[in-house]
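To start, the structure under review is shown below, and the notes come after it.
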Amino acid sequence: MEQSQIERERATFLSHDQHSLGLPSLFYGSLRAPEVFELVIGRPMADVPCEPVVLHRHELARIIAGDDFPGIFPTEDNVDLHCLLVPGLTYEEQLRVAWYEWDEYKLSRFETTDGRQAQAFVPDVDAIHRLHGAIDFKPWSFEEWRERNLSAAIPNARTWMSKMPDISAKLCAAE
């Protein structure tokens, strides 16, 4: 990605008014991998309270368009989706997650099977379609992704996070 494109992404990200819904975060994709989690959040997963949770009548799928975009999608099937609930992220960490998921994802609200509210970034199907044209949906598995793609995802996440804009003004405004 060229420098002018990165600058546009940074400016758009900083002008965006909603990076969090103020709810615990729900991770279902690459952020479940401790290696990616640490690069994005900025501290080891072992130092952050996390717990497995379930979403009823949801499944994982990936959108095939340029890259693969995994996401949570509702289903009529009687299936449960296992995710990771992370309630203790700071505002800075939430901004880091928002940058990592930028701009093909959007925030959505979910209710776990035990009734708790959580937020997760899910694919913005319309934005992905606009950016990449034709799209297709296929099943997605965290375990398969981890086995096949984790080694490439680590340097990609490191590179993307190094391009994150200065968020100090947003942090000051939040205090």
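The figures that follow rest on heavy atoms only: side chains count, while hydrogens, waters and symmetry mates do not.
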For a quick test of your reading: what N or O donor-acceptor pairs under 3.5 Å do the side chains of residues 30-46 make, sequence neighbours left out?
residue, atom, partner, partner atom, Å
S30, OG, Y100, OH, 2.7
E35, OE1, R146, NH1, 3.2
E35, OE2, R146, NH2, 3.2
R43, NE, E93, OE2, 2.5
R43, NH1, D47, O, 3.4
R43, NH2, G88, O, 3.4
R43, NH2, E93, OE1, 3.0
R43, NH2, E93, OE2, 3.3

Before giving the answer on side chain to side chain contact (heavy atoms under 4.5 Å, CB included), spell out for F110 and V122 the whole-Å C-alpha distance, their side-chain angles and the decisive distance to 0.1 Å.
CA-CA 11 Å; F110 292 90; V122 297; 3.6 Å; yes
Can you confirm if the aromatic rings of H58 and Y28 lie within a centre distance of less than 6.0 Å?
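No - the distance between ring centres of Y28 and H58 does not fall below the 6.0 Å cut-off.
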Do H19 and F13 make the cut of ring centroids closer than 6.0 angstrom?
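Yes, the ring of H19 comes within the 6.0 Å limit of the ring of F13, centre to centre.
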Answer with yes or no whether the hydrophobic clustering places F137 together with V79; edges join I, L, V, M, F, W, Y residues whose side-chain heavy atoms lie under 4.5 Å apart.
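No.
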Any donor-acceptor N/O pair, W160 side chain to P155 backbone, under 3.5 Å
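Checked: no pair found.
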Checking D166 side chain against S168 main chain: does a donor-acceptor pair fall under 3.5 Å?
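Confirmed, D166 side chain pairs with S168 backbone.
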Search all heavy atoms of [X] against all heavy atoms of [Y] and return the closest pair with its distance.
X    : Y    : answer
L89  : S25  : CD1-OG, 3.5 Å
K163 : I6   : CD-CD1, 3.4 Å
Y105 : P70  : OH-O, 2.9 Å
L26  : A120 : O-CB, 3.5 Å
E111 : G115 : OE2-CA, 3.6 Å

Would you please classify the geometry between the W140 ring and the W145 ring as parallel, tilted or perpendicular, with 30° and 60° separating the classes?
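It falls in the tilted class, 30° to 60°.
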Is the shortest distance from a Lys or Arg side-chain nitrogen in R116 or E51 to a carboxylate oxygen in the other one below 4.0 Å?
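E51 and R116: salt-bridged.
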What pairs with T12 under side chain to side chain contact (heavy atoms under 4.5 Å, CB included), at least two apart in sequence or on another chain?
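Applying side chain to side chain contact (heavy atoms under 4.5 Å, CB included) to T12 gives W102.
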Under the criterion side chain to side chain contact (heavy atoms under 4.5 Å, CB included), I'd like the reasoning laid out for Q119 against S20: C-alpha separation, chi angles, the key distance, then a yes or no.
CA-CA 8 Å; Q119 67 183 27; S20 173; 3.4 Å; yes
Side chain to side chain contact (heavy atoms under 4.5 Å, CB included), that's the test. Do T113 and L55 meet it? Break it down for me.
CA-CA 6 Å; T113 55; L55 296 179; 5.9 Å; no
Under a 4.5 Å cut-off applied to non-hydrogen side-chain atoms, are [X] and [Y] in contact?
X    : Y    : result
L150 : E147 : no
V48  : V86  : yes
L95  : M164 : yes

Is a donor from one side chain sitting under 3.5 angstrom from an acceptor on the other, for N78 and H56?
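On atom types as modelled, these side chains qualify, holding a pair under 3.5 Å.
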When you look at CD of E143, are more than 12 heavy atoms from neighbouring residues, nucleotides or ligands closer to it than 6.0 Å?
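Yes - once you tally the heavy atoms of other residues, nucleotides and ligands closer than 6.0 Å, there are more than 12.
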Please indicate whether R57 has more than 12 foreign heavy atoms, meaning atoms of other residues, nucleotides or ligands, lying under 6.0 Å from its CZ.
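More than 12 heavy atoms, drawn from other residues, nucleotides or ligands, come within 6.0 Å of this atom.
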Would L81 and E59 count as a side chain to side chain contact (heavy atoms under 4.5 Å, CB included) here? Give the steps.
CA-CA 6 Å; L81 175 62; E59 62 187 354; 5.8 Å; no
